[in-house]
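Below is one structure, written out as structure tokens, with a few remarks after it.
Note that the numbering runs from 1 along the sequence shown for the chain.
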Amino acid sequence: MNRLNDVFFVDENLGWAVGDTQPIGIMGERQTLLLKTEDGGDTWEEQGNGEFDRNLQTVFFLDSDTGWVAGGRSLNQPPLLLHTQNGGTTWVEQAQPVTTDGTIFDIQFMDAELGWAVGGSITGVNRFLLRTTDGGDTWHEVYSVSDAQPFTSLSFVDANRGWAVGNDSENDGEDSYWYTTDGGLNWQSGRTGIGDVSNLLSKRFQRVQFVDENNGWLMSPGIIMGTTNGGDDWAVVRNSSSGVVYDMYRLDADTAWLVGGGLSGGAQQTEARVFFTANGGADWVEESVTDLPTGFNENTQLLAVHALEGGRAWAVGLNLTLMRRDP
């Protein structure tokens with residue numbers, strides 16, 4: 001299935017979206033899909049010529065020139081990590097220490113030198129956390145566990161404090177997360193104390209985002225847990241009664257978007273879903289995605305969202321869907 005897994009914009013015009021294309025049939029060879037826009041998403045051009053036969057899962061740019069994309073998901077192949085210093089005109093593969101089959105699901109840089117990446121094997125062989133202090137020329141595996149589901153998301157607020165999540169309820173507990181206070185050199189596990197939730201998916205966090213050292217959310221398809229004191233206490237921000245979500249983006253402690261679709265309560269929801277809050281999750285409004293330009297598809301699942309100050313946002317998903325929100 002053709003899909004876009006992530007989207008990132010550095011300003012209202014310049015952005016990238018990543019994913020992969022696959023011919024019909026499960027044995028079809030995947031090709032990376034790396035798209036760039038310079039007009040806010042009105043038009044997109046492909047970069048990289050689809051030369052890598054692996055799925056791109058994540059994209060991160062520091063500015064208009066310097067960025068990284070990463071992924072994997074080919075059996076018996078290590079993760080893929082690419083770097084550009086000219087806005088994506090050319091991409092160079094960066095070596096990383098994971099030699100088993102695996103995928104990098106999220107990547108973040110604090111500056112041009114310090115960055116982190118998380119991932120693991122989709123078959124549950126391993127999970128890992130990588131760190132670099134030289135812009136990715138050298139990556140070090142600072143944490144790894146065998147026979148565990150992958151880490152899927154990370155969030156750093158400064159050079160020292162960061163959080164990571166995965167969906168490995170069997171090994172870590174159904175409401176677990178990981179955090180570091182020394183830049184990722186050492187990690188500790190934490191629990192939210194979510195309590196008795198009947199939906200197992202609600203307890204497997206797949207996304208994390210902190211906007212500062214105190215305010216952060218952990219997201220699963222069925223529930224969002226929030227903290228206002230750096231993780232000392234957690235409370236439910238949103239439950240699954242209004243549809244499954246797959247990604248979130250918080251501009252600040254008050255303003256956030258969620259995107260999703262797909263399965264909810266045993267019923268197939270094929271339409272794209274977008275939810276918005278302006279008061280830290282106390283109230284949610286579902287935003288319409290029905291009046292779309294020709295060629296856009298609302299009958300899909302949205303997998304990722306990115307927003308900028310002022311309220312312009314973009315979302316991507318299955319069937320190569322690209323959507324834009326204009327304030």
### Query
Do Trp257 and Val211 share a hydrophobic cluster (ILVMFWY, side-chain heavy atoms under 4.5 Å, transitive)?
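Different clusters: Trp257 never reaches Val211 through Ile, Leu, Val, Met, Phe, Trp or Tyr contacts under 4.5 Å.
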### Task
Before giving the answer on side chain to side chain contact (heavy atoms under 4.5 Å, CB included), spell out for Val236 and Met225 the whole-Å C-alpha distance, their side-chain angles and the decisive distance to 0.1 Å.
CA-CA 5 Å; Val236 176; Met225 299 292 290; 3.6 Å; yes
Kindly say whether [Y] contributes a backbone atom to a donor-acceptor pair with the side chain of [X] at under 3.5 angstrom?
{"X": "Ser220", "Y": "Gly222", "result": "yes"}
{"X": "Arg131", "Y": "His140", "result": "no"}
{"X": "Trp116", "Y": "Met110", "result": "no"}
{"X": "Gln96", "Y": "Leu130", "result": "no"}
{"X": "Thr277", "Y": "Asp283", "result": "yes"}
{"X": "Thr37", "Y": "Thr43", "result": "yes"}
{"X": "Thr32", "Y": "Leu56", "result": "no"}
{"X": "Arg127", "Y": "Gly166", "result": "no"}
{"X": "His83", "Y": "Gly67", "result": "yes"}
{"X": "Gln209", "Y": "Arg250", "result": "yes"}

Pairwise distance [atom1]([X]) to [atom2]([Y]) - rounded to 0.5 angstrom:
{"X": "Phe205", "Y": "Trp163", "atom1": "CZ", "atom2": "CH2", "answer": "15.0 Å"}
{"X": "Leu218", "Y": "Thr192", "atom1": "CG", "atom2": "OG1", "answer": "7.0 Å"}
{"X": "Leu322", "Y": "Leu4", "atom1": "CG", "atom2": "CG", "answer": "5.0 Å"}
{"X": "Trp16", "Y": "Phe9", "atom1": "CH2", "atom2": "CZ", "answer": "9.0 Å"}
{"X": "Trp284", "Y": "Phe276", "atom1": "CH2", "atom2": "CZ", "answer": "9.0 Å"}
{"X": "Gln47", "Y": "Thr89", "atom1": "CD", "atom2": "OG1", "answer": "6.5 Å"}

### ring pair (Phe, Tyr, Trp, His ring centres under 6.0 Å) partners of Tyr177, counting only residues at least two apart
Trp234
### Message
As a quick check of understanding, evaluate side chain to side chain contact (heavy atoms under 4.5 Å, CB included) for Asn160 and Thr181, giving each step before the final call.
### Response
CA-CA 5 Å; Asn160 295 313; Thr181 58; 5.8 Å; no
### Query
Do the ring centers of Phe60 and Phe8 come within less than 6.0 Å of each other?
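Ring centres of Phe8 and Phe60 closer than 6.0 Å.
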### Task
Apply side chain to side chain contact (heavy atoms under 4.5 Å, CB included) to Val142 and Trp187, showing your working.
CA-CA 9 Å; Val142 293; Trp187 293 83; 4.0 Å; yes
### Message
Could you check whether Arg161 makes a cation-pi contact with Phe210, meaning its NZ or CZ is under 6.0 Å from the centre of the six-membered ring and within 45° of the ring axis?
### Response
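Judged by the rule, Arg161 and Phe210 form no cation-pi pair.
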Flag the pair [X] / [Y] as yes when at least one side-chain heavy-atom distance between them is below 4.5 Å, and no otherwise.
{"X": "Trp68", "Y": "Gln94", "answer": "yes"}
{"X": "Thr180", "Y": "Tyr143", "answer": "no"}
{"X": "Leu320", "Y": "Leu33", "answer": "yes"}
{"X": "Arg238", "Y": "Leu258", "answer": "yes"}

### Query
With under 30° as parallel and over 60° as perpendicular, where do the rings of Phe61 and Trp91 fit, or are they tilted in between?
perpendicular
### Query
Do you know which of Asp247, Asp106, Asp6 makes salt bridge (Lys or Arg N to Asp or Glu O under 4.0 Å) with Arg207?
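Between Arg207 and the candidates, salt bridge (Lys or Arg N to Asp or Glu O under 4.0 Å) is satisfied uniquely by Asp247.
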### Task
For the pair Met219 and Ile224, evaluate side chain to side chain contact (heavy atoms under 4.5 Å, CB included) and give the outcome as yes or no after the intermediate values.
CA-CA 4 Å; Met219 188 208 81; Ile224 294 176; 3.6 Å; yes
